[in-house]
Number of protein chains: 2
Amino acid sequence: MINQLVANIRKTKAPIVVGLDPMLDYVPKHVQDKAFQEFGETLEGAAEAIWQFNKAIVDGTYDLIPAVKPQIAMYEQFGLPGLGAFKKTVDYCKEKGLVVIGDVKRGDIGSTSAAYAIAHLGHVQVGSKSCLPFGEDFATVNPYLGSDGINPFIKVCREEKKGIFVLVKTSNPSSGEIQDQPVDGRPLYELVGEKVAAWGDELMGDEYSYVGAVVGATYPEMGKVLRKIMPKAYILVPGYGAQGGKGKDLAHFFNEDGLGAIVNSSRGIIAAYKQEKYGKYGEEGFAEASRAAVEDMAADIIEALNLR
Amino acid sequence: MINQLVANIRKTKAPIVVGLDPMLDYVPKHVQDKAFQEFGETLEGAAEAIWQFNKAIVDGTYDLIPAVKPQIAMYEQFGLPGLGAFKKTVDYCKEKGLVVIGDVKRGDIGSTSAAYAIAHLGHVQVGSKSCLPFGEDFATVNPYLGSDGINPFIKVCREEKKGIFVLVKTSNPSSGEIQDQPVDGRPLYELVGEKVAAWGDELMGDEYSYVGAVVGATYPEMGKVLRKIMPKAYILVPGYGAQGGKGKDLAHFFNEDGLGAIVNSSRGIIAAYKQEKYGKYGEEGFAEASRAAVEDMAADIIEALNLR
């Protein structure tokens, strides 16, 4: 699947991923109203609203982008119906040829970690049958529990040709409280980066590893260091746009080949119609606004890569 | 809810929690067969099997125990039907007066962390209505992302009178890879323990804080230190039984008042019928075997507390 991700990025010439993180506030009123008319102001109604919202955005952008990253928390908050919308979104994006990165940030140990890996990347055995639970292509994983948490994911990735992105340095202001703590004179995230590189060596695709890393756009200098520590890891970069990261901050996350990183934007794309810049599309044209925002984001990043 | 947990522990005199982590392997064949006859060898069939298994174990033990801890990964691996069984289990346990600790180990930032908090501990606003997603009483939370990940949980806990257990030192062999790294001459988990104490000061119940900690039974010496660092935090202790922890290892996790810790056992209780010791109950008597295992575990821990 890492080879598929690289192929999709080469084809679209857009190293970006659209974060399908649908807060109900982002969903235009006419979409919400239609869903609530059918299902009421219920979890089912909310789930229908975010699914229809996602579908329109995917329809409006899928030919321009290599991948999507649905954030499962935004679905989980609407309970079982919400997770039904998550599953529909995953399936629909895969039908459209997109690589689906499940932003699930799961992390546990042993058989529990294996269960999460199966839930999101694998098949589960039920009696004599093998069944598909959620079926994303990649999952994000938390490293706090050490190798016992990661190895079960790597096992499933090997069997299913799927991949993971391990949290190394997250984009939020307080990420340093734990991740920057000095261990033998250098920050903990560097040590985690070295582990990612080692885990990744065990499971290489053609050019890059099935084991990638999450490093926030908001920390470009750390991205530069981590890029060198993990040369074969794809870096998933959140924090572009709404969180403050800009194209020029991102150049160092990429390798010389122009590959090696994929930059996420969520609100900046899916709620683009709320920005003054894309105001002309109006609420009704929210998916067209998202398409324009994708084009602008891709151009911003490609320009930054060309200037370095 | 921390007051309710303490009250339940006082009433049952059993500082234990039953981990409802139903691997399909644990479910006796007759329960599986019945579920598969009705729903086929499908995700629905697996979900029905684990739900019926859980229900029997809860019926067999609920009057002896203060709390249960369903591990969501074991349900998530069976996709949407599996999560339906999780929700049914949560609801049923609450009907029986049990405190429900959702072992979800979620961790993200800002609005995403808020969405997880709402999913598991809160209510979600849909139009003019407030809806209940999963409705556990406590959730386990990963601290790797720092305060940005914890504060949204604390906000929901304050509103809903719910609680969290933050991962501090996990029970697995490789937990030290990150958690034991020396920061200014002492291990990272101590620093996380201090943060738990500080977060907990903001949200106190009558005697203990709504913010607790996870510390593995497999590391008793570290438990002793962490007990002092976080005197008001309830400690959720996994790793008893199958993972190697014994009653005598656990005394230091408790305060002088005999409170302050709750010890989890999963396999040791829910799959007790597979142990030679409880073999007399047979597969058909799996719930009675679980009841006997609960009684033995409570006695083991109370004895250890009395001996100190």
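As the structure is a computational prediction, the values presented were derived from the model and not from experiment. The sequence lines fix the lettering, A, B, ..., with proteins before strands; numbering per chain opens at 1.
Within residues 21-34 of chain A, the residues having any heavy atom less than 4.5 Å from a heavy atom of chain B are, in residue-number order, A/M23, A/L24.
Each of A/P133, A/G176, A/S130 has some count of heavy-atom pairs under 4.5 Å with chain B, and the biggest count is that of A/P133. Heavy-atom pairs under 4.5 Å with chain A were tallied for B/P143, B/G135, B/A117, B/A49; the largest tally goes to B/P143. Note: B/V183 leads B/I118, B/V183, B/D184 in heavy-atom pairs under 4.5 Å with chain A. Listed options A/K87, A/Q125, A/K129 were ranked by heavy-atom pairs under 4.5 angstrom with chain B; first place goes to A/K129. Contacts with chain B were tallied for A/G146, A/G40, A/A73; A/A73 has the most, counting heavy-atom pairs under 4.5 Å. The greatest number of non-hydrogen atom pairs below 4.5 Å with chain A, out of B/H123, B/M74, B/K169, is found for B/M74. Most heavy-atom pairs under 4.5 Å with chain B, from the set A/D103, A/L43, A/N142: that is A/N142. Ranked by non-hydrogen atom pairs under 4.5 Å with chain A, the options B/S147, B/S111, B/S175, B/S113 are led by B/S147.
Contact of B/Y116 with chain A is made through backbone and side chain together, with heavy-atom distances under 4.5 Å. Residue A/F36 touches chain B through its side chain alone, counting heavy-atom pairs closer than 4.5 Å. Only the side chain of B/L191 comes within contact range of chain A, with heavy atoms under 4.5 Å apart. Contact annotation for B/L80: both backbone and side-chain heavy atoms come within less than 4.5 Å of a heavy atom of chain A. For B/P81, no part lies under 4.5 angstrom from a heavy atom of chain A.
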### Task
Verify side chain to side chain contact (heavy atoms under 4.5 Å, CB included) between B/V126 and A/T42, making sure each step is shown before the conclusion.
CA-CA 6 Å; B/V126 180; A/T42 59; 5.9 Å; no
### Query
Could you go step by step and tell me if B/F134 and A/E76 meet the side chain to side chain contact (heavy atoms under 4.5 Å, CB included) rule?
CA-CA 9 Å; B/F134 286 101; A/E76 212 163 303; 4.2 Å; yes
### Task
For A/L167 and B/L145, run side chain to side chain contact (heavy atoms under 4.5 Å, CB included): C-alpha distance rounded to whole Å, both residues' side-chain angles, the deciding distance at 0.1 Å, then the answer.
CA-CA 9 Å; A/L167 303 187; B/L145 295 97; 3.9 Å; yes
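A distance of 7.0 Å separates CD1 of A/I72 from CZ of B/R106, quoted to the nearest 0.5 Å. From B/D108, atom CG reaches atom OG1 of A/T170 across 8.5 Å, with rounding to the nearest 0.5 Å. Interatomic distance, OG of A/S174 versus CD1 of B/I150, reported as 9.0 Å (0.5 Å rounding).
In this structure the side chain of B/Q181 never reaches within 4.5 angstrom of the side chain of A/Q181, judged on heavy atoms.
Minimum heavy-atom separation, B/C131 to A/E41: SG-O, 3.9 Å. B/Y144 approaches A/V168 most closely through the heavy-atom pair OH-O, 2.9 Å.
For A/K94, the NZ atom is densely surrounded, since the number of other residues' heavy atoms within 6.0 Å is greater than 12. Within 6.0 Å of NZ on B/K274 lie more than 12 heavy atoms contributed by other residues, nucleotides or ligands.
No side-chain donor from either of A/H120 and B/Q77 sits under 3.5 Å from a side-chain acceptor of the other.
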